[in-house]
Structure formats: C-alpha cells, structure tokens
> 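Encoded as structure tokens, here's the structure I'll be asking about.
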2 protein chains.
Amino acid sequence: MTTTQSAPEDRDLPFNVFAKSCPSRVTLEHVTGRWGALTLGALYEGSLRFNELRRRVDGVSEKMLSQTLHALERDGLVHREAQLTNPPRVDYELTPLGHEVTERLMALIHLLEGRMDAVLEARERYDAARGAR
Amino acid sequence: MTTTQSAPEDRDLPFNVFAKSCPSRVTLEHVTGRWGALTLGALYEGSLRFNELRRRVDGVSEKMLSQTLHALERDGLVHREAQLTNPPRVDYELTPLGHEVTERLMALIHLLEGRMDAVLEARERYDAARGAR
DNA sequence: CGGAATCCGAGTAGATACTG
DNA sequence: CAGTATCTACTCGGATTCCG
C-alpha cells in the first residue's frame, strides 16, 4: 500500500463535496440544480440555440435559462458560439468535460424515469401510513 | 427494428423529466437538490443516525436535514428505522432503490471532484475575459 | 433572435427555542 | 438524541421592459 488511506470517504482528494467550503459543491449545484440538470440533458443530444433550449426545457424562463447557461459556461461545461449575423444566432453545446458529466447525469435521470412506478408506490404507502394519523 | 422509435429523446417512456408536469422531475429534485444529493452520498457508506448525518453533511441545519430525509423516505429511497429506547435511536439507510440511485449519483460526484481543477481553470479564463470588460 | 435590467411576490433556508 | 415549531431574512424565479 503506497498511499495512506483511512476510510473511503476520507480520501485525500483535494476536493470533497461534503465539505461546506469546497468549490466542488458549488459546481455540483450548478450541474444538478433544477435547471442545470435539464439544460445539460437537453444539450446532450446536440447543440441548440437559445430559444430551442427554452422549448426543450419545459417551464424555464428566459432569465433562469440565461443564468443557468452562464454558470455552466463559466464552469467549462458548456460552450457558447455566437455568430454576429442579423438576426443573431447563438449556439450552445457541451464541452468534452460537459459531455462526460452529462453522461453520468443522464444515467441517473434514466434510472429515475425507469423506476418512477416504484417511487410512486412508495409515496402512496408513505402517505397512507403518515397522512392517516 | 421491432419498436417504433423516432428520436432518442422522443422515447415513449411514461415518465419524462423534461416535461414540466412529470412527477419524475420532483423526485429528481429531491435526489439532486442541495441537501438531497449530499444526504444520499453520506448514507452510501452505510446507515447513519440523525446527528451523525448532520456532521457528515457539513453545513446542513436540523430543519433542512429533517425535511430532506422525509422527502427521500417518501420517495422510497431512504428507510427510517426507529428504536423507541431512551435515549431514542433512529437509523437511516438507503433502500435497494436508493442504493441504485446513489450509485449513479456518486459516479457523477466523483467525476466532478476529479475534474475540479479543469473547472477552476475554466472559471479563471471566463472571469478574465468577461470580468475585464 | 438573444439576451440584460428591473421589479416584486412566494417560497426556502437558517437561527432559535421547545418537546418527547 | 431526535426531532418539531415559529419567526425572520434572503434568495429564487417569473413577468415585464428594453436593447443590440
């Protein structure tokens, strides 16, 4: 054993989401946040323009989408390609890193979508037991 | 080809997070939400008691942890085991479904932690270009 | 089309105090 | 220990307006 390792969660990684001050926690929130996850998911299929994204991500406002895209671009997960034509055209696409991240994210989303029946059942059981009191 | 399939995102799955009204979006938010993700992550190593959980998930308040655990329990991802001793002892652990979900979640978290250096670099580049103006 | 800026209400999060 | 209750503060997020 060449490295000193005590427990799995006690890795000597420089970054640890469980620590309050770790920057990785902020990025995790950008990625998994309400609109971040859906935006990345939409871009997973390919590059999209601003309003195409808005339509894909059902329910997002211009403001939130704009804000979300900025955060993801700043974190290096999304690339913004602006063409100064008239009318202007701006395409958003995943960076290689963004694609890797989104792969993992989609695995999570698809699992969840596939097991929603079990989740719904669990909710009914929970409500029947708790709500009755 | 035996199934009718038009596009990957156009699957005829009953649940689709991209749709505003889909219940899967709510569950996704429980799982990936600020405290949900960290709580599941903490429980991935094994069952924990309430205050152990509080210490692991750095920065969470009692209220938020309690609320988070209720949501995850209701969705069938976390199991609550209470012993009516004195002092009371309550253990939380992942259900099999919760474990599956958390596996995917941890894959995402670990990827992110491992690439934070790239994220931080991207941020500096972004700020240098944008913040300068 | 692709945004930025402003306003404002609703919901969320934290601190605190209390209970079993 | 394991929570609940309450209060306040703050942020989030939507609608609107305006600009390049």
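These figures come from a predicted structure and were not determined experimentally. Convention: sequence-line order gives letters A, B, ...; per-chain numbering from 1. Heavy-atom basis, side chains included; hydrogens, waters and symmetry copies ignored.
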> Could you tell me whether the side chain of A:Thr95 and the main chain of A:Leu77 form a donor-acceptor pair under 3.5 Å?
yes

> Provide the full list of salt bridge (Lys or Arg N to Asp or Glu O under 4.0 Å) pairs with a residue in residues 18-30 of chain B, sequence neighbours left out, each pair given once.
A:Arg34-B:Glu29

> So A:Glu62, base contact, sugar-phosphate only, or nothing? Heavy-atom distance under 4.0 Å.
base

> Is there a donor-acceptor pair under 3.5 Å between the side chain of A:Thr68 and the backbone N or O of A:Met64?
yes

> Output every pair passing ring pair (Phe, Tyr, Trp, His ring centres under 6.0 Å) with a member in residues 56-76 of chain B, not counting sequence neighbours, ordered by first then second residue.
none

> Using the test ring-ring contact (aromatic ring centres under 6.0 Å, His included), find all partners of A:His99 that sit at least two apart in sequence or belong to another chain.
A:Tyr44

> Can you pull out how bent the helix from C:dC1-D:dG20 to C:dG20-D:dC1 is, comparing the axes over its first five and last five pairs, to 10°?
50°

> Would you check if the side chain of B:Thr32 reaches a backbone N or O of A:Thr32 as a donor-acceptor pair within less than 3.5 Å?
yes

> Any salt bridge (Lys or Arg N to Asp or Glu O under 4.0 Å) pairs touching residues 67-78 of chain A, not counting sequence neighbours?
A:Arg74-B:Asp127, A:Asp75-B:Arg123

> Identify the heavy atoms of B:Leu69 and B:Thr39 that sit nearest to each other, and give their distance.
CD2-CG2, 3.8 Å

> Give me the atom names and distance for the closest heavy-atom approach of B:Thr102 to B:Leu40.
CG2-O, 3.5 Å

> Pairs under 3.5 angstrom only: tabulate donor-acceptor contacts from the side chains of residues 81-88 of chain A to other protein residues two or more places apart or in another chain.
from	atom 1	to	atom 2	distance (Å)
A:Glu81	OE1	A:His79	NE2	3.1
A:Thr85	OG1	A:Pro87	O	2.8

> Which two nucleotides bound the region of DNA chain D that has atoms under 4.0 Å from heavy atoms of chain A, read 5' to 3'?
D:dG13 to D:dG20

> Going by an N to O cut-off under 4.0 Å, is there a salt bridge joining B:Asp58 and B:Arg56?
no

> Partners of A:Glu100 by salt bridge (charged side-chain N to carboxylate O under 4.0 Å, His left out), sequence neighbours excluded?
B:Arg115

> Let's see if you get this right: which residues in residues 26-43 of chain A place a heavy atom under 4.0 Å from DNA chain D?
A:Arg34, A:Trp35

> I'd like to check the salt bridge (charged side-chain N to carboxylate O under 4.0 Å, His left out) partners of A:Arg55; sequence neighbours left out, ordered by chain and number.
none

> Between A:Asp91 and B:Gly59, just flag the one whose closest nucleotide in DNA chain C comes earlier from the 5' side.
A:Asp91

> Name the residue closer to the 5' end of DNA chain D, choosing between A:Lys63 and B:Leu69 according to the nucleotide with the nearest heavy atom.
B:Leu69

> Would a distance-only check, ignoring hydrogens and angles, find a side-chain to backbone donor-acceptor pair under 3.5 Å from A:Glu113 to B:Val17?
yes

> Going 5' to 3' on DNA chain C, which nucleotide is the first and which the last to come under 4.0 Å of a heavy atom in chain B?
C:dA13 to C:dG20

> Against B:Leu72, only a single residue in B:Leu94, B:Val101, B:Val78, B:Leu43 fulfils side-chain contact (heavy atoms from CB on, under 4.5 Å); can you say which?
B:Val78

> Find which nucleotide of DNA chain C each of B:Ser61 and A:Arg55 is nearest to by heavy atoms, and output the residue with the more 5' nucleotide.
A:Arg55

> So which of residues 46-54 of chain A are in contact with DNA chain C, with a heavy-atom cut-off of under 4.0 Å?
A:Arg49, A:Phe50, A:Asn51

